[in-house]
**Student:** 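I'd like to ask some things about the structure below.
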Amino acid sequence: MRRGTDIAARVLAAPPRRGRLAPQAYVDGILAGDRVTLARAITVIESEHPADLDLAQFILESVLPRAGRSRRVGITGVPGAGKSTFIDALGILLARERGESVAVLTVDPSSPLSKGSILGDKTRMERLSQEPRAFIRPSPSRGHLGGGARRTRETIVLCESAGFENIIVETVGVGQSETAVRSMTDFFLLLMLAGAGDELQGIKRGIIEMTDCLAINKADGDNLAKAERARGEYASALHLFPPSPDGWTPRVLTCSALTGAGIAEVWQSVLDHQALLTANGYFQERRRQQALAWMHELIQSGLEDEFRRRPAIHGRLPELEKSVRQGRTTPFGAARELLALFFRQE
C-alpha cells in the first residue's frame, strides 16, 4: 500500500507531460463516463513511454473500486466468419433493444515489419459507431500473443469504471494463443461458418474446449440449410469433450449478422451462463482467476521490459541478433549469454 501511496504522491506532484491531462482529471473523467477522457486514459495505459508508467498505475488504482460490474465477453472466429459484422449487430441489440451500454475492444494485427496497424474496425461497425451507448476502441496487437492487445485487461477495467455494462473483446483470430483472451473474459464465443470445408479439422481442439458457445454465422438465404447441418455436426462433436467443471454445457447456435436472426439467442446464452455460474459460485472463482492471470501477465511483460532496459543487454542484443541471423551463433547460445548478462550482479 505504501508503494501505491508513494506513486500517487509522485504523480500528483509532477507537472503533466506534454499532451497529458492532470492525473486527477483522468480519474474524474472516467468515473463521470466521459468518452473523450476514457479514450485518452487508454492511450496512457497503452503507452510504452517510461514517464507514463506511474500515471497509468495511478489511474488504474484510482478507478479500480468501480470496476468488475460488467459482463465480459470474448469473441473469436475463423477468417471470414464476420466477427465485426456480428459485433455490430450484437451491439445494436444491446444498445437499442435492451438499452444497455457496450464497450467494444477490438484488436488489429500489427505489421511485423512496420509495427503499424490499420485500426479499421470502426468502419466495419457502421451502425454501432454512431450509437451513443457504444464505445469502440481499436488497438494494435504490436505482436502481443494471446489474441489481444498488450493492455486489454487494463482497458477492460477503465471501461467498467466508466460505467459500461457489457465489454466485448474481439480477438485477432483463431489460434492456440487465444487462451489469453479466454482468461480475461467471462464468456467465450466462437464464430464459425458452414460450407467452408472441414471446419472441425481447421480449428484447434483447445479453442473448442474453451468455448462456451459456438455460433454458426451467415445462416441466411441459400446457406441456411448448410448452417443447420453444420450445427448438428458441431453439437455432436462437443459431446465428445468432457463436461465443464462449472456445470455449463456449451451451446451450438446459428445466427445471421446480416438479418439479425439468432443474435438474441446468442446473447441469451451469455445471460444464462452468467446466471448459472453466479448461482453455483463459479462466476466469482472465474473473476479471481482472471485477476491472477492479469498479475502473471504483468510480471512477464515487466520482466521483458526490464530485460531490454539493462545497458548490458541493450548493447549486446543487436550484435547477437545479427550473429544468429548469419548462423554464427545458435539461438540457444545467444539466449543463454543474454540471460547471464541479465542476472549478473552489477
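Model, not experiment: these values are computed from the prediction.
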**Student:** With side chains defined as the heavy atoms from C-beta onward, is the minimum distance between Val73 and Trp267 less than 4.5 Å?
**Tutor:**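 Val73 reaches Trp267 side chain to side chain.
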
**Student:** Could you tell me whether Arg310 sits above the aromatic face of Phe342, with NZ or CZ closer than 6.0 angstrom to the six-membered ring centre and within 45 degrees of the axis?
**Tutor:**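 Pair Arg310/Phe342 counts as cation-pi.
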
**Student:** Does Leu276 reach the side chain of Tyr282, with side-chain heavy atoms less than 4.5 Å apart?
**Tutor:**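 No, every pair of side-chain atoms sits at 4.5 Å or beyond.
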
**Student:** Listed by chain and number, what are the side-chain contact (heavy atoms from CB on, under 4.5 Å) partners of Arg18, not counting sequence neighbours?
**Tutor:**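 side-chain contact (heavy atoms from CB on, under 4.5 Å) check on Arg18 returns nothing, list empty.
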
**Student:** Salt bridge or not for Glu319 and Lys322, using N-O below 4.0 Å?
**Tutor:**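 A salt bridge is absent here (no side-chain N lies under 4.0 Å from a carboxylate O).
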
**Student:** Do Leu298 and Leu292 share a hydrophobic cluster, counting only Ile, Leu, Val, Met, Phe, Trp and Tyr and linking them when any side-chain heavy atoms are less than 4.5 Å apart?
**Tutor:**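 No, it is not one cluster - the side chains of Leu298 and Leu292 are not joined through contacts under 4.5 Å.
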
**Student:** In this structure, would Leu339 and Leu303 fall into the same cluster of hydrophobic residues linked by side-chain contacts under 4.5 Å?
**Tutor:**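 Looking at the clustering, Leu303 is in a separate group from Leu339.
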
**Student:** Starting from Leu93, can I reach Leu128 by hopping between I/L/V/M/F/W/Y residues whose side chains sit under 4.5 Å apart?
**Tutor:**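 Yes, same cluster.
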
**Student:** Quick test of your reading of the model: are Glu100 and Arg71 salt-bridged, counting only N-O distances below 4.0 Å?
**Tutor:**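 So Glu100 pairs with Arg71 through a salt bridge.
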
**Student:** Which atom pair, heavy atoms only, marks the closest approach of Arg151 to Glu46?
**Tutor:**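 Scanning both residues completely, I find the closest heavy atoms to be CG-CA, 4.0 Å.
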
**Student:** Would you say Leu271 ends up clustered with Ile168 if hydrophobic residues are merged whenever their side chains have heavy atoms under 4.5 Å apart, either directly or through other cluster members?
**Tutor:**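 Same cluster: Ile168 reaches Leu271 through Ile, Leu, Val, Met, Phe, Trp or Tyr contacts under 4.5 Å.
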
**Student:** So, does Glu97 use its side chain to make a donor-acceptor pair with the main chain of Ile92 at under 3.5 Å?
**Tutor:**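 Here the side-chain-to-backbone pair does not exist.
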
**Student:** What is the minimum heavy-atom distance between Leu21 and Ala25, and which atoms define it?
**Tutor:**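 Heavy atoms only, the tightest pair is CB-CB, 4.1 Å.
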
**Student:** Stepwise, does the side chain to side chain contact (heavy atoms under 4.5 Å, CB included) test hold for Arg20 with Asp52?
**Tutor:** CA-CA 9 Å; Arg20 298 292 186 244; Asp52 284 329; 2.8 Å; yes

**Student:** Please tell me if the side chains of Ile263 and Phe86 come closer than 4.5 Å, counting only heavy atoms from C-beta onward.
**Tutor:**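 When only atoms from C-beta onward are counted, Phe86 and Ile263 do touch, with a gap below 4.5 Å.
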
**Student:** Are the side chains of Ile42 and Phe135 in contact, using a 4.5 Å heavy-atom criterion?
**Tutor:**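 Result yes, sub-4.5 Å side-chain heavy-atom pair found.
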
**Student:** Is there a donor in the side chain of Gln300 and an acceptor in the side chain of Glu304, or the other way round, less than 3.5 Å apart?
**Tutor:**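 Per modelled atom types, Gln300 and Glu304 side chains form no pair under 3.5 Å.
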
**Student:** Rounded to the nearest 0.5 Å, what separation is found between the CE atom of Met184 and the OG1 atom of Thr152?
**Tutor:**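 Going from the CE atom of Met184 to the OG1 atom of Thr152 covers 5.0 Å.
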
**Student:** Does some side-chain heavy atom of Ser84 sit less than 4.5 Å from a side-chain heavy atom of Glu170?
**Tutor:**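 Yes, side chains in contact.
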
**Student:** Treat each ILVMFWY residue as a node, draw an edge where side-chain heavy atoms are under 4.5 Å apart, and state whether Leu224 and Leu191 are in one component.
**Tutor:**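 Result: no, two separate clusters.
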
**Student:** Using a 3.5 Å distance criterion without hydrogens, assess whether the side chain of Thr329 forms a donor-acceptor pair with backbone atoms of Val324.
**Tutor:**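 Judged by distance alone, no pair lies under 3.5 Å.
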
**Student:** Side-chain contact, heavy-atom cut-off 4.5 Å: Leu341 with Arg344?
**Tutor:**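 Yes; the side chains approach each other to less than 4.5 Å.
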
**Student:** Can you measure from CG (Asn280) to CD (Glu285) and round to the nearest 0.5 angstrom?
**Tutor:**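 These two atoms lie 11.0 Å from each other.
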
**Student:** CZ of Arg127: more than 12 outside heavy atoms within 6.0 angstrom?
**Tutor:**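 Correct, the count exceeds 12.
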
**Student:** Test side chain to side chain contact (heavy atoms under 4.5 Å, CB included) on Ser183 and His296; report intermediate values, then the result.
**Tutor:** CA-CA 11 Å; Ser183 72; His296 293 153; over 6 Å; no

**Student:** What pair of heavy atoms forms the shortest contact from Val266 to Ala215, and how long is it?
**Tutor:**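 Of all heavy-atom pairs spanning Val266 and Ala215, the closest is CG2-CB, 4.2 Å.
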
**Student:** Testing the basics here: between Asn217 and Ser256, what is the closest heavy-atom pair and its distance to 0.1 Å?
**Tutor:**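 The pair with the smallest heavy-atom distance is OD1-CA, 3.7 Å.
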
**Student:** Has Thr278 got a side-chain atom pairing as donor or acceptor with Ala275's backbone, closer than 3.5 angstrom?
**Tutor:**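 Looks like no, no N/O pair under 3.5 Å.
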
**Student:** State the CD1-CZ distance between Ile167 and Arg137, to the nearest 0.5 angstrom.
**Tutor:**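 Those atoms lie 13.5 Å apart.
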
**Student:** Knowing that exactly one of Arg66, Arg69, Arg153, Arg72 qualifies, which makes a salt bridge (Lys or Arg N to Asp or Glu O under 4.0 Å) with Glu160?
**Tutor:**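 When Arg66, Arg69, Arg153, Arg72 are each tested with Glu160, the salt bridge (Lys or Arg N to Asp or Glu O under 4.0 Å) holds only for Arg72.
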
**Student:** What is the distance from atom CZ of Arg231 to atom CZ of Arg251, rounded to the nearest 0.5 Å?
**Tutor:**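 Separation between the atoms: 12.5 Å.
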
**Student:** Using 0.5 Å steps for rounding, measure from the CG atom of Leu190 to the OH atom of Tyr234.
**Tutor:**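 Separation between the atoms: 8.0 Å.
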
**Student:** Apply side chain to side chain contact (heavy atoms under 4.5 Å, CB included) to Lys218 and Leu258, showing your working.
**Tutor:** CA-CA 7 Å; Lys218 302 184 181 181; Leu258 182 64; over 6 Å; no

**Student:** Taking Gly232's backbone N and O only, do any of them form a donor-acceptor pair with Ser236's side chain (distance below 3.5 Å, no angle check)?
**Tutor:**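 Yes, the answer is positive, given that a donor and an acceptor are paired below the 3.5 Å cut-off.
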
**Student:** Establish, from distance only, whether the side-chain atoms of Thr76 and Arg182 form a donor-acceptor pair under 3.5 Å.
**Tutor:**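 Thr76 vs Arg182: no donor-acceptor pair found between side chains.
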
**Student:** Which atom pair, heavy atoms only, marks the closest approach of Leu60 to Leu158?
**Tutor:**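 Heavy atoms only, the tightest pair is CD2-CD2, 4.0 Å.
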
**Student:** Run the salt-bridge test on Arg286 and Asp186 with the 4.0 Å N-O cut-off and return the result as yes or no.
**Tutor:**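 No, Arg286 and Asp186 are not salt-bridged.
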
**Student:** Using side-chain heavy atoms (C-beta onward) and a distance below 4.5 Å, is Phe164 in contact with Cys159?
**Tutor:**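 The answer is yes, as the side chains (C-beta and beyond) meet within the 4.5 Å cut-off.
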
**Student:** Identify the heavy atoms of Pro23 and Leu12 that sit nearest to each other, and give their distance.
**Tutor:**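 So the two residues come closest at CB-CD2, 4.0 Å.
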
**Student:** To the nearest 0.5 Å, tell me how far Leu38 CG sits from Thr155 OG1.
**Tutor:**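 One finds 8.5 Å between CG of Leu38 and OG1 of Thr155.
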
**Student:** Could you please spell out the steps behind the side chain to side chain contact (heavy atoms under 4.5 Å, CB included) verdict for Asp212 and Ser269?
**Tutor:** CA-CA 9 Å; Asp212 295 306; Ser269 293; over 6 Å; no

**Student:** Identify, with sequence neighbours excluded, every residue that meets ring pair (Phe, Tyr, Trp, His ring centres under 6.0 Å) alongside Trp248.
**Tutor:**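 Trp248: ring pair (Phe, Tyr, Trp, His ring centres under 6.0 Å) contacts with His273.
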
**Student:** Is the backbone N or O of Phe188 less than 3.5 Å from a side-chain atom of Thr185, with the two atoms forming a donor-acceptor pair by type?
**Tutor:**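 No; zero donor-acceptor contacts below 3.5 Å.
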
